[in-house]
Amino acid sequence: MKVSSMPEPRNTINNPVIPGFHPDPSICRAGADYYLACSSFECFPGVPIFHSRDLVHWTQIGNVLDRPSQLRLPPGTPSSGGIYAPTLRHHDGRFWLIVTNVSDGGNLLVTATDPAGPWSDPVQLPGVKGIDPDIAWDDDGTCWCTYAGVEQVRIDPHTGQTLGPPRRLWSGSPDAKAPEAPHLYHIGDYWYLLIAEGGTERSHGVSIARGRTPAGPFEPCPDNPVLSHRGTDHPIQNTGHADLVQAPDDSWWMVLLGVRPGGGTPGWHVLGRETFLVPVDWIDGWPVVGELSTVMPAPPWPLQPPAVPSGRDDFDLAELASPWISLRRRSTENCTTKERPGWLTLHARGGSLDDTDVTFVGRRQQHLSCRARTLIDPADGRGGLAVRLDEQHHYDIEAASGEVRVTARIGPLNTVVASRPIPAGPVVLRIEVEAVRTVNDARTGPDAVSIGIEEPDGTYAELTALDGRYLSTEVAGGFTGRVIGMFASAGSVHFDWFGYEPLEG
Ligand code: 6LW
């Protein structure tokens, strides 16, 4: 299930390079190949991992934590709990990923020889007491783990043991809160400590310090933050949480998270924090970050063709493709393509989308305007199609035999907003998101979410259109972004296919 970017003229590239809910990017290079991993919070499988050869076009090749033995998300795990902020590195012929499970067990480390998997079972790091862990190796093989705070401790990455007490390295800039997301690099004569600070909202930024050893002391860059859009009306906001990489031509680049708020005031972002790419220069031993924009000059090296333009899944394969995510857990007992071949069967497990334990299979909304459709057979139960930010914020269309109905859950309000009788048999459900392009009034929302069904002749019958602001991070809070997907709320439901298409252009 791959989705293309819109066609790009050859001399420009589109940012974000990985759109939709893909925050906290961490990147590494292994020869001509680049790999990038992101946070995944309450989603199972966790930590989506991507491959590219040009830093611009990325293909998801798997999920790092795709077995219950690697990822425990207890049933009560809140939305925006779970998996935070990985660091992905290639060292000594292996790939290493260190990450925090804030809901079960804290920091863990997994390794792989092939980043598409399988990844090892985790080594826990009980002595590392902070989020956003980074790993870096000294020339003598010493492994340093640096985490939010910013603190550092030596570790044995094979056992997870800490070696010696943690030390405070740097508290970031005096005028910024939350020094976090550290990454440590040996570049030229210096060790550089890159951090995010200011909080992951509008004040987010990237700052850097340097020292002669991996343990410091560190001298802050006189031009910190080296990147921030705080206080600007730039269309990309909340920029921060970055990682550095060298391109095929050895120039330097940064991947980072940012958001694209839409509508009037205060601006609502609905796709979560997305992964952007920006060039970096080095001047007097400090990084100088280039202009970040949604359309940027293409880099000088050859670009690979973008991913195949199909967001359709006919559920013909035994396993679900890697972009499909569930919430907290997924088992073949509740979710299978084997029961009715060519269909995805979901068995309800008691909860609804208002609960933390629901049978759900979805994909990230990756475009500001898009259409999702699915053919559901509700003969044996109730289920449907939903666009979801968390348990308290989702719009759903649910089919049962004889009726479809649309429910809007917005905080404490949970209301059926439309319903309609339908003939017995399968029905196509549709959710269509249209971004607002012209803001006539400061109170205009970011998008409209149209929800309906398709008549037997294929015509769209809208049941309702809802303001998308209630499914935005500015309203709901948290760290995630919209996910669109299929759910079962009672009995068993079967989905013949699911289609997702961008509507931008
Ligand atoms: C993450 C922190 C952050 O751990 O948000 O933007 C937190 N940065 O570094 C959750 O993604």
Side-chain angles (χ1 to χ4, degrees), residues 4-19 22 24-38 49-61 86-96 114-116 134 136-137 139 181 183-194 206-208 210 221 223 225-227 236 239-258 274-307:
S4 73
S5 310
M6 301 309 286
E8 297 164 312
R10 281 216 337 267
N11 54 351
T12 61
I13 61 163
N14 290 339
N15 244 335
V17 288
I18 307 182
H22 293 107
D24 308 330
S26 180
I27 190 167
C28 75
R29 178 181 182 176
D33 296 296
Y34 294 89
Y35 299 95
L36 186 151
C38 297
I49 183 161
F50 298 84
H51 170 256
S52 174
R53 292 204 135 187
D54 60 17
L55 296 176
V56 174
H57 298 125
W58 292 90
T59 304
Q60 189 172 350
I61 53 168
T87 294
L88 176 64
R89 294 292 180 257
H90 185 238
H91 170 78
D92 208 12
R94 296 167 83 181
F95 292 87
W96 304 73
D114 179 352
D134 173 85
W137 286 262
D139 296 338
H183 290 304
L184 191 62
Y185 314 89
H186 195 184
I187 301 171
D189 294 335
Y190 286 103
W191 284 83
Y192 286 88
L193 177 59
L194 186 77
V206 180
S207 291
I208 198 162
R210 70 184 181 192
C221 172
D223 292 325
V226 293
L227 171 66
I236 307 167
T239 48
H241 202 123
D243 201 3
L244 288 167
V245 70
Q246 264 183 296
D249 66 354
D250 287 339
S251 59
W252 284 86
W253 294 72
M254 187 182 259
V255 290
L256 69 148
L257 69 76
E274 310 179 272
T275 289
F276 292 83
L277 177 71
V278 69
V280 172
D281 253 351
W282 289 86
I283 298 179
D284 297 332
W286 293 111
V288 176
V289 182
E291 182 63 26
L292 171 64
S293 57
T294 51
V295 180
M296 301 215 311
W301 56 85
L303 298 186
Q304 307 285 308

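In this chain, numbering begins with 1 at the start of the sequence shown.
Evaluation of the ring pair (Phe, Tyr, Trp, His ring centres under 6.0 Å) rule for Trp286 yields no partner, not counting sequence neighbours. With sequence neighbours excluded, the residues forming a ring pair (Phe, Tyr, Trp, His ring centres under 6.0 Å) with Tyr190 are Tyr192, listed by chain and number. Remark: His22 engages Phe50 in a ring pair (Phe, Tyr, Trp, His ring centres under 6.0 Å) (not counting sequence neighbours). Looking at residues two or more places apart in sequence or on another chain, you find no side-chain hydrogen bond (donor to acceptor under 3.5 Å, both in side chains) involving Thr294. Residues passing the side-chain hydrogen bond (donor to acceptor under 3.5 Å, both in side chains) test with Asp134 are His183, sequence neighbours excluded. With sequence neighbours excluded, the residues forming a side chain to side chain contact (heavy atoms under 4.5 Å, CB included) with Pro115 are Tyr35, Ile49, Ile61, Phe95, Trp119, listed by chain and number. Partners of Ser207 according to the side-chain hydrogen bond (donor to acceptor under 3.5 Å, both in side chains) rule, which considers only residues two or more places apart in sequence or in another chain, are Glu197. Residues passing the side chain to side chain contact (heavy atoms under 4.5 Å, CB included) test with Ser251, sequence neighbours excluded: Ala247, Asp249, Trp253, Trp301. Every residue two or more places apart in sequence or in another chain that forms a side chain to side chain contact (heavy atoms under 4.5 Å, CB included) with Ala181 is listed here: Asp132, Ala196, His241. When the salt bridge (Lys or Arg N to Asp or Glu O under 4.0 Å) test is applied to Asp33, the partners found at least two apart in sequence or on another chain are Arg53. Shown here are the side-chain hydrogen bond (donor to acceptor under 3.5 Å, both in side chains) partners of Asp250, two or more places apart in sequence or in another chain: Arg29.
Here the closest non-hydrogen pair linking Tyr34 and Gln246 is OH-O, 2.7 Å. Between Met296 and Pro279, the shortest heavy-atom contact is CE-CD, 4.0 Å. Heavy-atom minimum distance, Val278 versus Glu291: CG2-O, 3.7 Å. Contact record, Leu36 with Leu88: N-CD2, 3.8 Å, taken as the closest heavy-atom pair. The two residues Thr275 and Pro25 make their nearest non-hydrogen contact at OG1-CB, 3.5 Å.
Between Pro287 and Ile208, some side-chain heavy-atom pair lies under the 4.5 Å cut-off.
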